[in-house]
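FYI, side chains are in, hydrogens and waters are out, and symmetry mates aren't considered; it's all heavy atoms of this structure.
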2 protein chains.
Amino acid sequence: MSSTRKATISDVARAAGVSRSTVSKVMNGTQKLSDATENRIWAAVRQLGYQASPHARSLSTGRSRAIGLVILDILNPHFTGIVKGAGRVAREHGYALLLADAEEDPAQEEELIRTLQAHTDGLLLAGSRLPDDKLRALHGPLTPIVTVGRVLSEVPSVVATEAQAARELTRLVVQSGAQRPAYLAGPSFWVNSQRTQGYLSTMMELGLTPAVISLPGVDLQGGAVAVHSLASHTPPQSPEFPDALICYNDIVATGVIGALGQLNLKAPDDVQVVAFGPENPLLSHITHAEIPSQQLGAEGTNLLLQTLNGELPPLLHLEFPTALALGTTSLSYISRTS
Amino acid sequence: MSSTRKATISDVARAAGVSRSTVSKVMNGTQKLSDATENRIWAAVRQLGYQASPHARSLSTGRSRAIGLVILDILNPHFTGIVKGAGRVAREHGYALLLADAEEDPAQEEELIRTLQAHTDGLLLAGSRLPDDKLRALHGPLTPIVTVGRVLSEVPSVVATEAQAARELTRLVVQSGAQRPAYLAGPSFWVNSQRTQGYLSTMMELGLTPAVISLPGVDLQGGAVAVHSLASHTPPQSPEFPDALICYNDIVATGVIGALGQLNLKAPDDVQVVAFGPENPLLSHITHAEIPSQQLGAEGTNLLLQTLNGELPPLLHLEFPTALALGTTSLSYISRTS
DNA sequence: ATAATTTAGGAAACCGGTTCCCTTACTGTA
DNA sequence: TACAGTAAGGGAACCGGTTTCCTAAATTAT
């Protein structure tokens, strides 16, 4: 409070009339000492408001009790959920969390990873856009990594059952009456290929003609542009126009719905719009395959902490199931008044 | 890459045939040395893949080049935006960002603050639920703090023009035809009292009767419960039922819209629903007063970094304007099919 | 009463940087 | 030729912890 300088272990030692090593031993429970001294030390600690310097400790022990989390984009609620889960588990284990937002830029991601590796004991990589071999090179005994939402050999990972989620979503829209559901595909990484497979196989099973449309960008605009270019090829009135759009994520879906509105198409009456997305209060209106983002973050962190403690886990790759979340509401459109 | 241990400054010194201090001087540009030696040192650095240990450096210099960010709830897109802005500025200045999610729990928040203070050079506190005097006690020359969205004397802060935003929002719904807009109020901190004032004063000016309703919780359920208890007091058909609901945030608004749907009320035809919220792609459908969350995070970080560098800034409190964002779409309701 | 063992706690090296101060050699000037 | 002045780089203390090893005292066993 009032002191002008932070108390060090030497201050505590002096106040308690013992040596620095004794203070260290007592505070860490490394060695049992006499009750009398222990009490004197704890009293001094409280009185001085002493807190060990994490930096000094890290230097000395070679471990920082901090983990790094690199995500694709914090504005995307999927990654927000991962941060939530990871943060909770990290805190429960007394670990600090260093967060870095790669902002969808692989070069920036790589640099952030290097920085974070120096600061932390291990890294959680969510939505990495780095090539497989780079990721594999990153994973070492010194600073292990765990990937979220991406499976590759030799690197531990946690993922959702994406293919299954795509199957369920496809079946859902068909059961709701769709005959020509299309999939608006995201970037070509593990998640997207799983979803594509799930979509394609289900379409086959149902005897329907699949249509996979690559999004120009995984954002509002990407969804809107996709809809408009689709409409320019096949007019919305034509019988080939999709009657359901399965969107790579909820942000795309929002853009899609907006664009459909501009074409005077109403969701879900004219076109069903569903998406893959996390559990999130803001998404309760959209029907989606619920990716357990928080769970992925939490379990990914658990996996990382286990490997940090040398307890190499039985399974290197963990899979978690998704659920279907029906939108409680659907979007309709009003003319914008400026 | 292949080495089994991380290279230290001694390794570099040995490889370059110089002393450790020389390596340090060259790498930090502290002292100009002969070109020949500098080149030898840089070559050794590259060859060994040397990266200075942040912990050792922090211990030695007494500064960590890291800042801490404590937020109320990462799932709330307002705080997500703050993280985005803070992360960007921190990275641009070569600072690492430690993130902690208080999960709306003051006790947890306080503990997280203590931990983060030890790790970092300064803290950004967004949505703090701590009492004023505790915050003031936290702010010191050792580890300065900057608050986001909360003004109190002696502590630097960045905020949005919340009162003005409330005025604009109130005027907007009235101009759109509302006669009895109500304000669904959040917890009694700075932000809410500003918004309340703005709402109340505008209602006065317009000669309308204000109605401030305290939310039981600032979340989906809180919004829903508020609507239902409102409806149980004054039936939706009665002429006293609000024809516009100004929500504390977008999450509440989502809950409100859902609850209205259950009462067979459509937004915005029966009841206008508007909110305070950040710039966020997922929110483009809701009409809201746009809080510049990313800017708050960015400028708050700038402010913090300035005070860290001793350049105490001219203004301790910074205000940033909001904008009205009209929802491109509005929500209507369909019966849920399970 | 003495030897053996346990207990309590201190001394010092170490982690990997930074920085102050000093030495040595080289340059230029009187 | 002697001297001051400067450039180049090394030595060593220091940051604040942890940990290994050791000593002295206290306890137990014989």
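Rounding to the nearest 0.5 angstrom, the gap separating the CG atom in L116(A) from the CG atom in D121(A) is 11.5 Å. Taken from CG in N28(A) to OG1 in T61(A), the straight-line distance is 9.5 Å, to the nearest 0.5 Å.
Of the candidate nucleotides dG17(C), dG10(C), dG10(D), dG17(C) has the atom nearest to the side chain of Y50(B).
Regarding contacts with the backbone of dG10(D), every side-chain N or O of S21(B) stays at 4.0 angstrom or more from both OP1 and OP2. Between S60(B) and the phosphate of dG17(C), there is no side-chain N or O to OP1/OP2 separation shorter than 4.0 Å. Distances shorter than 4.0 Å separate none of the side-chain N or O atoms of R20(B) from OP1 or OP2 on dG16(C). Between S19(A) and dG10(C), a side-chain N or O to OP1/OP2 separation shorter than 4.0 Å is present.
Atom NZ of K32(A) has more than 12 heavy atoms from other residues, nucleotides or ligands within 6.0 Å.
Nucleic acid contact class of T61(A) (heavy atoms, under 4.0 Å, all strands): sugar-phosphate only.
Near-neighbour residues of DNA chain D inside residues 23-38 of chain A, defined by a heavy atom below 4.0 Å, number-ordered: S24(A), K25(A), N28(A).
Between R14(B) atom CZ and dG17(C) atom P the separation is 12 Å, expressed in whole Å. Whole-Å rounding puts the R65(B) CZ to dC15(D) C1' distance at 18 Å.
With respect to the salt-bridge test (charged N to carboxylate O, under 4.0 angstrom), the residues K134(A) and E110(A) qualify.
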